[in-house]
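This report refers to the structure that appears directly beneath it.
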Protein chains: 2
Amino acid sequence: MANQNVPQATAERLPLYYRTLQGLVAVGKTRISSSEFGDLVQIDSTTIRKDFSYFGALGRKGYGYDTQHLMDFLRKTLYQDELSKVVLIGVGHLGTALLNHNFQKNNNTKIVKAYDIDPSLTGTVVSGTKIYAMDTLATDDNSDITAAILTVPAAHAQEAAEMALASGIHGFLNFSPTTLSLPANAYVRHVDMTVELQALIYFLNHSMEERNSK
Amino acid sequence: MANQNVPQATAERLPLYYRTLQGLVAVGKTRISSSEFGDLVQIDSTTIRKDFSYFGALGRKGYGYDTQHLMDFLRKTLYQDELSKVVLIGVGHLGTALLNHNFQKNNNTKIVKAYDIDPSLTGTVVSGTKIYAMDTLATDDNSDITAAILTVPAAHAQEAAEMALASGIHGFLNFSPTTLSLPANAYVRHVDMTVELQALIYFLNHSMEERNSK
DNA sequence: ATATTTTTGTTATTTATTTCACAATCACTA
DNA sequence: TAGTGATTGTGAAATAAATAACAAAAATAT
Ligand SMILES: NC(=O)c1ccc[n+]([C@@H]2O[C@H](COP(=O)([O-])OP(=O)(O)OC[C@H]3O[C@@H](n4cnc5c(N)ncnc54)[C@H](O)[C@@H]3O)[C@@H](O)[C@H]2O)c1
Ligand SMILES: NC(=O)c1ccc[n+]([C@@H]2O[C@H](COP(=O)([O-])OP(=O)(O)OC[C@H]3O[C@@H](n4cnc5c(N)ncnc54)[C@H](O)[C@@H]3O)[C@@H](O)[C@H]2O)c1
């Protein structure tokens, strides 16, 4: 069942498809065509049909897609039918916001514990999540944890990631503005708000120039 | 000077290059080769040379790149030599974290004001930024504002964006897990943490399966 | 029951991006 | 200042992704 040949670009769209389908099922919509779905998610309908086709025939010709069936399929494909446990490292401004955000709603992921270097935070509970000292991280057994969310200052992201890896964590969602150097058995995704903001400003200015020069 | 034919993928890497160069200049490194730079940012050196080549000859053969010169060039290209004013809409958990985060450090962008629908927040100041009522947004003159950061609940993101657009804002950094439908004169970038987390889980599981099947 | 319409799944085509390969050029050494 | 080594800039090739086009199939209407 493992689909080795699903393009990366397709895989990255699946969560959006899944969430959109959750919304459709919730409002009682039972069927949808690729073009109507495409309008919703702002992706060309051909791209959507192609994406689904990597997983076999999920729709019915002349009818479209059954939202419930498609949602169920994507839930399995995205491993959302089992709970994924994650930890959060760095309970500062951003980390606290993430702890307060209930990822578990429509999203089978739970922040089960947090780590911070600040001794005054050790043992406290933020939004139901207990905070542990960093000293214990590297020697803890976290092999049941899917991923670590890194919200520490950039200067400490690398060491924090290495400790987490030592404890058995292989996935990382890095919010620090720095590149991590980890061995090949680790997988990192980077959410970089500064980059996003600068890219936004770049594209805004350039599309304006383009418009003016026409 | 407007470079119409810079690929999108290249443009999206420029902020990372710029930030990395800031770090290099700060520690006194005056020159760097594309391969050393590539190791730092984890991008193939050929890609880096190609990226820079869209802007002309920025390096010197047999020498590499002058970090200060390259940084200055990118600062101009990314419009980082002028201050970009942005507003933030939705001062909740995430919005507050962003207000507390000093974007202006190494990043010529300032959140100049915020908006929220909660009357108890109106007139208060969070981390130096004054909060205004949503009623006033659509009629305010925000034509000097580059972009709006949207950190409102998903159900209100569309209406908030429309009000901001009415006030003269054309750029949006959307943190809500929802697609925005805006006219062509608006430009939206989407930061979607739920999608990132699910994509991470998907790739982790799939790369594990791949490894096991070998 | 038949005709018409809808809509998928897929092959072919186009476009975008990355990587390769290497001549041209400059830096540095002796 | 000649010779060697380093490193860029760039066409060509390879890979990846998006879009177009359409036959096949099923739904719906008549
Ligand atoms: N706050 C934001 O909105 C925002 C936006 C974009 C990026 N970021 C990035 O996210 C990261 C966190 O930002 P923040 O605003 O929450 O910072 P913060 O200073 O508020 O919080 C950082 C937390 O990490 C802890 N910490 C420091 N060193 C540590 C270590 N070695 N191990 C474990 N914990 C450690 C601190 O005690 C603190 O609680 C930074 O890298 C920042 O650049 C934040
Ligand atoms: N908190 C997180 O870490 C996190 C993570 C991922 C995504 N998000 C997304 O970011 C958004 C905000 O999340 P949050 O946790 O800060 O939520 P929150 O409930 O803490 O804050 C939302 C804020 O928006 C304000 N608001 C509500 N309706 C509004 C309207 N129509 N106009 C203006 N302001 C309005 C509320 O008064 C509140 O202050 C949500 O869409 C959420 O899904 C948050």
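Just so we're clear, the structure is a prediction, and the values are computed from it rather than from any experiment. In what follows, every heavy atom counts, from backbone to side chain, and hydrogens, waters and symmetry copies are set aside. The chains referred to below are lettered A, B, ... by the order of the sequence lines, with proteins before strands, and numbering in each begins at 1.
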Provide, to the nearest angstrom, the distance between the CG atom belonging to A:N5 and the P atom belonging to D:dA17.
-> 12 Å
Once you round it to whole Å, what is the distance between P of C:dA21 and CG of B:D44?
-> 12 Å
Hey, does the side chain of A:T47 come within less than 4.0 Å of D:dT19's phosphate (OP1/OP2), counting only N and O?
-> yes
For A:I48, report the nucleic acid contact type (base, sugar-phosphate, nothing); a contact means any heavy atom under 4.0 Å.
-> nothing
Pick base, sugar-phosphate or nothing for A:S33, based on heavy-atom distances below 4.0 Å to the nucleic acid.
-> sugar-phosphate
State whether B:S34 places a side-chain N or O below 4.0 Å from either non-bridging phosphate oxygen (OP1 or OP2) of D:dT7.
-> no
Can you tell which of C:dT17, D:dA18, D:dA12 lies closest to the side chain of A:A9?
-> D:dA18
Along DNA chain C (nearest heavy atom to each residue), the more 5'-positioned of A:L58 and B:Y63 | A:L58
Nearest-Å distance, CG (B:L70) to P (D:dT8)?
-> 11 Å
Rounded to the nearest Å, what distance is computed from the CZ atom of residue B:F37 to the P atom of nucleotide D:dG9?
-> 13 Å
A:F55/A:F73 aromatic ring centres below 6.0 Å | yes
Between B:Y54 and C:dA16, does any side-chain N or O lie under 4.0 Å from OP1 or OP2?
-> no
Looking across every strand, which nucleic acid part, if any, lies under 4.0 Å from B:Y65 by heavy atom: base, sugar-phosphate, or nothing?
-> sugar-phosphate
Protein-nucleotide distance (A:R49, atom CZ; D:dA17, atom C1'), rounded to Å = 16 Å
Take atom NZ in B:K85; do more than 12 heavy atoms of anything else shown fall under 6.0 Å from it?
-> no
Going by atom types only, do B:S176 and B:T178 share a side-chain donor-acceptor pair under 3.5 Å?
-> no
Among C:dT19, C:dG9, D:dA18, the one nearest any side-chain atom of A:S53 is C:dG9
Check the distance between D:dA20's P and A:I43's CD1 and give it to me in whole angstrom.
-> 15 Å
Closest to the side chain of A:K61, out of D:dT8, C:dT7, D:dG9, is C:dT7
Separation of C:dT8 atom C1' from A:D51 atom CG, nearest Å, is 14 Å
Taking OP1 and OP2 of D:dT28, is either one under 4.0 Å from a side-chain nitrogen or oxygen of A:R60?
-> no
Nearest whole angstrom, please: distance from the P of C:dT17 to the CD of B:Q8.
-> 7 Å
Counting side-chain heavy atoms from C-beta on, which of C:dC28, D:dA17, C:dT19 comes nearest to A:P7?
-> D:dA17
Mark yes when over 12 heavy atoms from residues, nucleotides or ligands other than A:H190 sit less than 6.0 Å from its NE2; otherwise mark no.
-> yes
Check the pair A:R19 / B:V195 against side chain to side chain contact (heavy atoms under 4.5 Å, CB included), numbers first and verdict last.
-> CA-CA 9 Å; A:R19 188 175 62 215; B:V195 162; 3.9 Å; yes
